[in-house]
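Please read these numbers as outputs of a predicted model, since none were measured by experiment. Worth knowing before you read on, the calculation uses all heavy atoms, side chains too, and leaves out hydrogens, waters and symmetry mates. Within every chain, numbering begins at 1; the chains are lettered A, B, ... in the order of the sequence lines, protein sequences first and strands thereafter.
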Amino acid sequence: MIPATFDYHAPSTLDEALQLLARHGDAAKLLAGGHSLIPAMRFRLAQPEILIDLNKLDGLRYVREEGNVLAIGAMTPEAWLEESAVVQQRYPLLADAVSVIADPLVRNRGTVGGNLAHADPANDQPAVMLAYGATIVAQGPGGRRNIAIDDFFVNLFESSLQPGEIMLDIRVPAPGASSGGAYVKMERKVGDYATSAVAVQLTMNGPTISAARVALTNVNPVPMRSPGAEAALVGKAATEEAFEAAGKAAAAECDPSSDLRGSADYKRDVTRVLAKRAIRRAVARAQGRS
Amino acid sequence: MNHVADRFEKHSPVPEGSSANVPTTDELRITTPPKVCGMGHRMKRKEDPRFIRGRGNYVDDVKLPGMLHMDIVRSPYAHAKILKIDASEALKIPGVLAVITGEDLKKAGNLHWMPTLMSDTQMVLPIDKVVYQAQEVCAIIATDRYIAADAIEKVVVDYEPLPVVVDPFEALKDNVIVRDDKELKTNHIWHWEAGDKEATDQVFKDAATVIEEKMHIPRIHVSSIETCGMVANYDTAMQHMQIYMTSQAPHAHRTVFALVSGLPEHKIQIISPDIGGGFGGKVPVYPGYVICAVASLVTGKPVKWVEDRSENLQADSFARDYHITCRLAADKDGKITGMQVKTLADHGAADAAANPSKFPAGLFSIATGSYDMKAAHIEVDAAYTNKPPGGVAYRCSFRVTEAVHMIERMTDVLAHQLGEDPAAFRMKNFIKPEQFPYKSPTGWDYDSGNYHAALQKAMDVIGYHDLRKEQAEKRARGELMGIGISSFTEVVGAGPSRDYDILGIKMFDSAEIRIHPTGKAIARFGTKSQGQGHETTYAQILAEELGLPAQDIQVEEGDTDTAPYGLGTYASRSTPTAGAAAAMAARKIRAKAKKIAAYLLEVNEDDLEWKVDRFEVKGAPDQHKTIQDIAFAAYTNHPPGMEAGLEATDYYDPPNLTFPFGSYICVVDIDKGTGEVKVRRFVAVDDCGNIINPMVVEGQIHGGLTMGLAPALFEEIVYDENGQNLSGTFSDYLLPTAMETPKWETDRTITPSPHHPIGAKGVGESPTVGAPPAIANAVVDALWHLGVRHIDIPITPQKVWKLLRAKGVND
Ligand SMILES: Cc1cc2nc3c(=O)[nH]c(=O)nc-3n(C[C@H](O)[C@H](O)[C@H](O)COP(=O)(O)OP(=O)(O)OC[C@H]3O[C@@H](n4cnc5c(N)ncnc54)[C@H](O)[C@@H]3O)c2cc1C
């Protein structure tokens, strides 16, 4: 469990980091919190020749509301979100999620940007950001661009970030009136990736669900939304029947693999159960009941 | 009466009398003031200042000048021929000094094989084939740990994969032979029996009720925080081998090393420094140790080898893996009358378990547990499979964990089947207090016990009857809640020399005490603490016996050059053996001290009586000599004709094992949607006889309960059909954390051991042994009304979910 040899750079400006990345190309990897990258290096599954450590880029560490969005710097540790009053008060889905990502040790170093850039369907932030409909801001040799989260996850461990690009910012639209969200995760123990988890963000119009985004963690090769679950909710009254229908749709649409967390069948059924619980909680929050 | 018992009669502070009369109390026995801090005081652990300051000294902290580093190439296959090992590219890396292969070990004196503690053999490094995944294939010696890690990646090994057998039942068909080095081409290793077959058959014929269950006690891993490792330092000039080693039994290991290597035993020094947890995993000798020692012999330089986490989790320190079929018989009154057991033990590729030599299945025949029954018959067959050797006594006195799980599960099934309350059913079937000393149907002599008192206390503390009411209400609402009991009997302290030895070495243990002129002391022992707190508890035993403040006594273990010979620490044996030796050695000192006191006070020895820390003239307490006065006199003014000094050694051969016990009650709630089990409450009442340090006991119990929770709900080493370990990292071998662990509620009863000099019994393993069935019983209790009789541990959410859905329960 000792990584292969590598060179290490710790640029102190974004420009410097971008230049290093341009110069070294594929041989280089960006290092954020290191909690996905370093384990892979220790097992020699990843053998980058050069590490470009972004930890000196303090300008990429923030969480603040800018008008109608919550802006999160890519290098912001998960723990900052846990401690953020804004997140706790206005972004309950995100607040739910950051308290169950890994364990406090990982959350102290692991970053929101790294969690998304790793494009691991087992990570929690992808489903959270899919449910919020967030936007990723990245900068590369060709300048700065926005990527809709729906276009971000391409494949297992593959995002639409281009070679030479660094993620700068995650922009989460502020939930409007009568909206609520929730994240419900089942894990075998604290620090484990989800057996399954469901992120829900929805808006109510009286007794009716007027908008909903439902996304799933670790039950698909690529982080996914569940269009069937969303369709089962939107325009429907918030009833147990609707929740069950949405849960069933999510279970049908995901494609989990069988492993020590459970068989594919088990994970599908747990996804159904968790989806109902997440929706129930999101509705309650939208209605101001919790 | 034998010699030991004689000594006990003369000196014991424990109320004498037959063990049947040993009274049970709740009250700690404290006879010394806090200044002395003898038995019963909650003394803070003397070792902790260095541990909490990061000043412990573990094997990996040992850094010697010129030290080289070893890393090991391991097999990716569970069964494969080795066609070729090519290390030429590795040897080109600057800093790589040597590769060591099986051929090299063969040339060095047939060191490519080694004996196991069970008189089997195990490969150190293979020549022809590998027999488990992660098996050591060859080793690289380099100047730097990182260079060694790079070099093993460059070693090219050509394998020809062979068919793999992972299931022991399949293995018994002998289609794939794991050990074709042996004359007999079979995977069947041995057959073993205990109890009376005919009597048991008769009991089953006469039974009103017979139940049968199959259960698997899975393969698990000790996962001590410190992995295994060694620094071997061979001095070519002095022809002396100094070894720092993660060893729970340094003296026995020295003897084994001497016998295997041919080095003279006085030229081998084994130092077992601070150990970061052993749990039985550091009792066997693993191939890495032998290769490391050879590497130092060959290079004449110190060589360090420390396993990384994955190596540790894939190659060694495995336990359990018993496939059990158990039957219980009961008469028409619901009295248990007999037990029949057939077990298949999966040993992996070698029988490298760590049992006393005469006990291939350990102390598994303790299986009748806390219940009085007429007859029992127990059979175990052992098989080879393509897995790493298993069977270490993981926080367990040699297979008692398997036995307790079986009997406690079966008792619950029988109670439920008969429609009786599991607590009342146990009360009815327990061995009664007046039956002690109790002879079990498989031949054990239980020293003392009071099972009713322990269970009653646990029921009172948890509020058992209210919980049953709550359960009924919840069940009516469709909620799933369960209450589980485990009333276990342990068997620890191996053991009496007539039966207990390891490779012929009797399982006594030892203590050596030297009191300095100023009344301070050093005491050395043949055991080796790995977190048990010996530096504190042994000092308290000596303080109790001699009146020397525990703070004034330095306890040392682990250096074979200085400590007296002993068999080490595992199987909860330290207090029953070395702890007893401490008391006996102290009593020898007290006998001499009495003579010195009589001389100093100019009275007859018979006129003196011992009071806490001094000899007083009977009826004239102001005429006395304290132990400190006497120690000083022993060097400055000792009686003519008497040797100077105040020292003693004792090699204690216990007359019997000790039988700690307890009753645990657990409450679980089950999530109908996901199948998750949540332990809501867990009350543990332990009886380990007289208590040396209640805080240390509670610490042992808290840790042990967590290690009992682990296999009940989380931990299992899983292999696929190719013999690949799927749980070879901590992301899939699920050690519970503080978050998964319920609040343990501990309590006690005290029923002293009648034969142990201080009435103590050993406690380190009770909770690991007793907890799993309490949890499993609680889960089954929650589901019994649905028709669930048994679930194998670990009870994962998926297993529960499957049963729930099969029984039509949904969310
Ligand atoms: C024991 C353990 C348990 C865990 N459990 C969970 C869990 O339950 N849920 C969960 O969501 N995660 C879990 N994780 C993963 C953890 O959250 C990681 O921290 C996260 O996945 C990656 O973030 P990081 O900052 O550590 O990134 P790193 O590991 O440093 O990087 C990950 C990848 O992202 C790239 N990258 C990082 N930052 C940028 C950037 N700004 N621009 C472009 N590319 C970038 C890196 O080059 C690398 O390829 C766990 C990790 C561990 C060790």
Peer 1: Heavy-atom distances under 4.5 Å only: say whether B:Arg145 touches chain A with side chain, backbone, both or neither.
Peer 2: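 Interface part for B:Arg145: both.
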Peer 1: Would you check, one step at a time, whether the test side chain to side chain contact (heavy atoms under 4.5 Å, CB included) holds for A:Val273 with B:Lys672?
Peer 2: CA-CA 9 Å; A:Val273 170; B:Lys672 286 187 292 186; over 6 Å; no
Peer 1: Can you tell me which portion of A:Lys276 sits under 4.5 Å from chain B's heavy atoms? Options are side chain, backbone, both or neither.
Peer 2: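 The side chain, not the backbone.
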Peer 1: Below 4.0 angstrom, N of the basic side chain to O of the carboxylate: do B:Asp811 and A:Arg272 qualify?
Peer 2: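 A salt bridge is absent here (no side-chain N lies under 4.0 Å from a carboxylate O).
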Peer 1: Among the options A:Leu274, A:Val270, A:Ile2, pick out the one with the most heavy-atom pairs lying under 4.5 Å from chain B.
Peer 2: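 Most heavy-atom pairs within the cutoff with chain B belong to A:Ile2.
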Peer 1: Using a strict threshold of under 4.0 Å (side-chain N to carboxylate O), is an ion pair present between A:Asp265 and B:Lys802?
Peer 2: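 A:Asp265 and B:Lys802: not salt-bridged.
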Peer 1: Can you tell me which portion of B:Thr796 sits under 4.5 Å from chain A's heavy atoms? Options are side chain, backbone, both or neither.
Peer 2: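 Neither part, no heavy atoms under 4.5 Å.
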Peer 1: Check each atom of B:Glu311 against the heavy atoms of chain A and say whether the ones under 4.5 Å are side chain, backbone, both or neither.
Peer 2: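 Contact with chain A is absent: no heavy atom of B:Glu311 under 4.5 Å.
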Peer 1: Would you name the heavy atoms of B:Gly673 and A:Asp269 that are closest together and state the gap between them?
Peer 2: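 Minimum heavy-atom contact is O-OD2, 4.5 Å.
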Peer 1: Please flag which part of B:Asp671 lies under 4.5 Å from any non-hydrogen atom of chain A: side chain, backbone, both or neither.
Peer 2: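 For B:Asp671, the contact with chain A is made by the side chain alone.
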Peer 1: Specify which of B:Leu734, B:Thr737, B:Asn810 makes the most heavy-atom pairs with chain A at under 4.5 Å.
Peer 2: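 Heavy-atom pairs under 4.5 Å are most numerous for B:Leu734.
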Peer 1: Can you tell me which portion of A:Glu187 sits under 4.5 Å from chain B's heavy atoms? Options are side chain, backbone, both or neither.
Peer 2: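 Backbone of A:Glu187 only, per the 4.5 Å heavy-atom cut-off to chain B.
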Peer 1: Given heavy-atom pairs under 4.5 angstrom as the criterion, report whether the side chain, backbone, both or neither of B:Thr674 touches chain A.
Peer 2: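 Looking at B:Thr674, backbone and side chain both touch chain A.
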Peer 1: Provide the closest heavy-atom pair for B:Ser731 versus A:Asp192 in the form atom of the first, atom of the second, distance.
Peer 2: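 Here B:Ser731 and A:Asp192 meet closest at O-OD1, 4.2 Å.
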Peer 1: Would one find more than 12 heavy atoms of other residues, nucleotides or ligands at under 6.0 Å from atom CZ of B:Arg805?
Peer 2: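 Counting neighbours around CZ of B:Arg805, more than 12 heavy atoms of other residues, nucleotides or ligands fall under 6.0 Å, so yes.
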Peer 1: Is it the case that over 12 heavy atoms from other parts of the model lie below 6.0 angstrom from the CZ atom of A:Phe157?
Peer 2: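 Buried by this count: over 12 neighbours within 6.0 Å.
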Peer 1: Counting only N and O atoms by type, is there a donor-acceptor contact under 3.5 Å from the side chain of A:Lys189 to the main-chain atoms of B:Glu740?
Peer 2: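 Not confirmed, A:Lys189 side chain does not pair with B:Glu740 backbone.
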Peer 1: Quick one: does A:Thr195's side chain get under 4.5 Å of B:Pro797's, heavy atoms only?
Peer 2: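 No; the side chains remain at least 4.5 Å from each other.
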Peer 1: Rounded to the nearest 0.5 Å, how far does OH of A:Tyr266 lie from NZ of B:Lys799?
Peer 2: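 That separation rounds to 12.5 Å.
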Peer 1: Might you point out which heavy atoms bring A:Met1 and B:Ser310 nearest each other, and give the distance in Å?
Peer 2: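 Scanning both residues, the minimum pair turns out to be SD-OG, 3.4 Å.
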Peer 1: Is chain A contacted by the side chain of B:Asp308, its backbone, both, or neither, given a heavy-atom distance below 4.5 Å?
Peer 2: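 Only the side chain of B:Asp308 comes within 4.5 Å of chain A.
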Peer 1: Mind listing the side-chain donor-acceptor pairs of residues 705-718 of chain B below 3.5 Å, one per line with the distance, residues two or more places apart or on another chain?
Peer 2:
unit_1: B:Thr706; atom_1: OG1; unit_2: B:His702; atom_2: O; d: 2.9
unit_1: B:Thr706; atom_1: OG1; unit_2: B:Trp744; atom_2: NE1; d: 3.1
unit_1: B:Glu715; atom_1: OE1; unit_2: B:Tyr733; atom_2: OH; d: 2.9

Peer 1: Would you say B:Leu726 and A:Leu260 make side-chain contact, with heavy atoms under 4.5 Å?
Peer 2: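 Side chain of B:Leu726 against side chain of A:Leu260, heavy atoms only: contact under 4.5 Å found.
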Peer 1: Where on A:Phe43 is there a heavy atom nearer than 4.5 Å to chain B: the side chain, the backbone, both, or neither?
Peer 2: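 Answer is side chain: those atoms of A:Phe43 sit under 4.5 Å from chain B.
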Peer 1: Under the side chain to side chain contact (heavy atoms under 4.5 Å, CB included) rule, what do A:Arg44 and B:Asp150 come out as? Steps first, then yes or no, please.
Peer 2: CA-CA 10 Å; A:Arg44 299 198 176 203; B:Asp150 285 343; 2.7 Å; yes
Peer 1: Got a donor-acceptor contact below 3.5 angstrom from the B:Gln798 side chain to the A:Ser263 backbone?
Peer 2: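 The answer is yes, because a donor-acceptor pair under 3.5 Å joins these two groups.
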Peer 1: Answer yes or no: does atom CD of A:Gln287 have more than 12 heavy-atom neighbours from other residues, nucleotides or ligands under 6.0 Å?
Peer 2: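 Counting neighbours around CD of A:Gln287, more than 12 heavy atoms of other residues, nucleotides or ligands fall under 6.0 Å, so yes.
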